[in-house]
Amino acid sequence: MRRVVEGIVLRETDTKETDKILTVLTRTEGKVSVIARGARRKNSRIAASSQLLVYSEMTLFQKGNWSILDEASTLELFSGVREDIELLALGSYFAEMTELLTEEEIPAPEVLPLLLNALYALGVLHKDPEQIKAAFELRLLSLSGFAPMLEDCVRCGAECPQEPMLDIVQGTLHCKRCEVEGRKGLSMPLCPASLQAMRHVVGCVPKRLYAFALDGDAQRRMSDAAEAFAAAQLERGFRTLDFYKSIRIRNGL
């Protein structure tokens with residue numbers, strides 16, 4: 001029985017002589033493992049749709065526990081991302097993080113548009129990669145049950161701390177003066193502007209996700225805090241993130 005889904009490739013793995021195994025995030029079925037037979041063969045009609053970060057309409061049929069890719073029509077190649085090594089590295093990080101935080105065959109209707117919009121913002125709108133990265137990390141974590149509590153200081157109750165800090169382990173906000181002795185190093189310094197932006201990202205409607213602007217210092221604080229929060233909550237690093245950061249360093253950014 002054939003079925004048609006829309007999905008984006010989160011990971012591609014070469015297998016046998018010309019085949020690939022794809023991890024695809026679909027709109028209706030969540031994350032699906034797909035065998036793309038002959039995808040590495042020259043002039044394969046499914047070659048384009050079997051590449052990382054390509055969004056396609058796919059016709060699948062089931063064989064045992066596997067979905068087999070029968071036909072595919074590309075909907076978005078995200079060429080602006082794929083043709084820039086820095087943006088491709090960042091997009092690959094988004095894909096790796098998304099793969100970790102989604103379940104096999106469990107729909108995640110808000111996650112697919114989050115990823116698609118992030119890639120569009122990078123490759124078409126040319127927004128600041130660090131802004132997109134921080135917003136994507138925080139929003140994906142929030143959708144996955146790891147939302148930080150940013151309403152007020154968890155210790156004194158101040159709604160607008162002058163020197164706000166994010167406890168990356170507890171996921172709570174506190175004033176610098178309220179920092180618990182012995183926990184220094186587990187909190188990241190913010191500022192009023194970066195805190196406001198993080199509150200916006202966690203709580204806004206999806207179409208307004210990137211509707212904020214920060215200066216250099218505030219953006220750096222938000223970026224550092226979001227990345228550290230993700231690492232602490234997920235208790236792991238990402239090779240794609242390391243590669244992205246190495247490119248930024250090489251480019252003097």
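Just so it is clear, the model here is predicted, and its values are computed rather than measured. Counting begins at 1 with the first residue of the sequence.
- In this structure, Arg2 pairs ionically with Asp70, as a charged nitrogen and a carboxylate oxygen lie closer than 4.0 Å.
- Remark: side-chain polar atoms of Arg11 are not paired, donor with acceptor, to backbone N or O of Leu22 under 3.5 angstrom.
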Report task. Verify side-chain hydrogen bond (donor to acceptor under 3.5 Å, both in side chains) between Ser67 and Gln62, making sure each step is shown before the conclusion. Result -> CA-CA 5 Å; Ser67 294; Gln62 200 69 25; 3.1 Å; yes

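- Counting heavy atoms from C-beta on, the side chains of Thr172 and Leu150 never come closer than 4.5 Å.
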**Report entry** Step-by-step side-chain hydrogen bond (donor to acceptor under 3.5 Å, both in side chains) determination, Ser223 to Gln219
**Finding:** CA-CA 6 Å; Ser223 297; Gln219 180 61 66; 3.0 Å; yes

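- Ile132 and Leu52 fall within a single hydrophobic cluster, where Ile, Leu, Val, Met, Phe, Trp and Tyr are joined by side-chain heavy atoms under 4.5 Å apart, directly or via other members.
- Between the CD1 atom in Ile35 and the OG1 atom in Thr15 there is a gap of 7.5 Å [rounded to 0.5 Å].
- Hydrophobic cluster membership is shared by Met222 and Phe229, with clusters built from Ile, Leu, Val, Met, Phe, Trp and Tyr side chains linked at under 4.5 angstrom.
- Residues Leu234 and Leu100 form a side-chain contact, since some pair of their non-hydrogen atoms from C-beta on lies under 4.5 Å apart.
- Within the 3.5 Å criterion, the main-chain N or O of Gly80 finds no donor-acceptor partner in the side chain of His126.
- With respect to the salt-bridge test (charged N to carboxylate O, under 4.0 angstrom), the residues Lys245 and Asp242 do not qualify.
- Rounded to the nearest 0.5 Å, atoms CD (Gln51) and CD (Glu12) are 6.5 Å apart.
- Residues Ser56 and Ser49 bring a donor and an acceptor atom of their side chains to less than 3.5 Å of each other.
- Lys31 has no carboxylate O lying under 4.0 Å from a charged side-chain N of Glu99, or vice versa, which leaves the two without a salt bridge.
- Using a 4.5 Å cut-off on side-chain heavy atoms (C-beta onward), Leu116 and Phe78 make contact.
- For Glu104, the CD atom counts as densely surrounded, since its 6.0 Å shell holds more than 12 non-hydrogen atoms of other residues, nucleotides or ligands.
- The aromatic ring centroids of Tyr93 and Phe238 lie less than 6.0 Å from each other.
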Query raised in the report: Do Arg177 and Gln162 pass the side-chain hydrogen bond (donor to acceptor under 3.5 Å, both in side chains) test, and can you show the C-alpha distance, the side-chain angles, and the key distance before you say yes or no?
Result: CA-CA 10 Å; Arg177 67 175 181 269; Gln162 292 302 306; over 6 Å; no

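- Ion pair Arg3/Glu29 flagged as a salt bridge, since at least one NZ, NE, NH1 or NH2 atom sits closer than 4.0 Å to an Asp/Glu carboxylate oxygen.
- Asp152 and Gly157 make their closest contact through CB-O, 3.7 Å (heavy atoms, listed as atom of the first residue, atom of the second, distance).
- Remark: side-chain polar atoms of Arg199 are paired, donor with acceptor, to backbone N or O of Glu151 under 3.5 angstrom.
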Query raised in the report: For Glu227 and Lys133, what are the C-alpha separation, side-chain angles and deciding distance, and is it a salt bridge (charged side-chain N to carboxylate O under 4.0 Å, His left out)?
Result: CA-CA 9 Å; Glu227 183 178 310; Lys133 172 179 170 291; 2.8 Å; yes

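- The structure places CG of Leu241 at 11.5 Å from OG of Ser92, a figure rounded to the nearest 0.5 Å.
- Under the 4.5 Å side-chain contact rule for hydrophobic residues, Leu53 and Val124 share a cluster.
- The pair Glu17-Arg41 does not count as a salt bridge, with every side-chain nitrogen at least 4.0 angstrom from each carboxylate oxygen.
- Judged purely by atom type and a 3.5 angstrom limit, Lys20 uses its side chain to pair as donor or acceptor with the backbone of Ser50.
- A 4.5 Å side-chain heavy-atom check between Leu209 and Asn117 finds every atom pair outside the cut-off.
- Between Glu6 and Tyr55, the side chains place a donor N or O and an acceptor N or O closer than 3.5 Å (distance only, hydrogens not considered).
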Report task. Could you walk me through whether Arg37 and Ser44 pass side-chain hydrogen bond (donor to acceptor under 3.5 Å, both in side chains), step by step? Result -> CA-CA 9 Å; Arg37 289 176 173 167; Ser44 169; over 6 Å; no

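- A side chain to side chain contact (heavy atoms under 4.5 Å, CB included) with Val34 holds for exactly one of Val9, Thr26, Val24; it is Val24.
- Taking the side chain as every heavy atom from C-beta outward, Met198 and Leu138 approach each other to under 4.5 Å.
- Between Arg27 and Glu57, no side-chain nitrogen of the basic residue sits less than 4.0 Å from a carboxylate oxygen of the acidic one, so the salt-bridge criterion is not met.
- Val32 and Ile68 fall into different hydrophobic clusters, where Ile, Leu, Val, Met, Phe, Trp and Tyr side chains are chained together by heavy-atom contacts under 4.5 Å.
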Requested in this report: Report the C-alpha distance between Val201 and Tyr210 in whole Å, list the side-chain angles of each, state the deciding distance to 0.1 Å, and finish with yes or no for side chain to side chain contact (heavy atoms under 4.5 Å, CB included).
Outcome: CA-CA 8 Å; Val201 166; Tyr210 302 117; over 6 Å; no

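- Distance check, rounded to the nearest 0.5 Å: CE of Met58 to CG of Leu69 gives 5.5 Å.
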**Report entry** Stepwise side chain to side chain contact (heavy atoms under 4.5 Å, CB included) check, Met149 with Val202
**Finding:** CA-CA 9 Å; Met149 294 178 284; Val202 170; over 6 Å; no

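- Across Ala232 and Ile168, no two heavy atoms sit closer than the pair CB-O, 3.4 Å.
- For the pair Leu87 and Pro129, the tightest heavy-atom approach, listed with the atom from each and the gap, is CD2-CG, 3.9 Å.
- By the 4.5 Å heavy-atom criterion applied to side chains, His174 and Ser187 are counted as neighbours.
- In Gln233, the CD atom is crowded: over 12 heavy atoms of neighbouring residues, nucleotides or ligands sit closer than 6.0 Å.
- Nearest heavy-atom pair, Gly171 versus Leu166, reported as atom, atom and distance to 0.1 Å: C-CD1, 4.3 Å.
- Between Arg248 and Glu86, at least one side-chain nitrogen of the basic residue sits less than 4.0 Å from a carboxylate oxygen of the acidic one, meeting the salt-bridge criterion.
- Rounding to the nearest 0.5 Å gives a distance of 12.0 Å between CG of Leu77 and CG of Leu119.
- The line from OG of Ser144 to CZ of Arg139 is 11.5 Å long, rounded to the nearest 0.5 Å.
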Query raised in the report: Passes side chain to side chain contact (heavy atoms under 4.5 Å, CB included), Leu115 versus Leu10? Steps please.
Result: CA-CA 10 Å; Leu115 177 56; Leu10 302 179; 3.6 Å; yes

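- When each of Asp84, Asp128, Leu88, Leu90 is checked for a side chain to side chain contact (heavy atoms under 4.5 Å, CB included) with Leu122, only Leu90 meets the rule.
- The side-chain heavy atoms of Leu140 and Phe94, taken from C-beta on, include no pair separated by under 4.5 Å.
- Val54 and Leu75 are members of different hydrophobic clusters when ILVMFWY side chains are connected at heavy-atom separations under 4.5 Å.
- For the pair Leu173 and Pro148, the minimum side-chain heavy-atom distance is 4.5 Å or more.
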Report task. Apply the test side chain to side chain contact (heavy atoms under 4.5 Å, CB included) to residues Leu141 and Leu101: give CA-CA distance (whole Å), side-chain angles for both, the deciding distance (0.1 Å), then the verdict. Result -> CA-CA 8 Å; Leu141 287 167; Leu101 289 171; 4.2 Å; yes

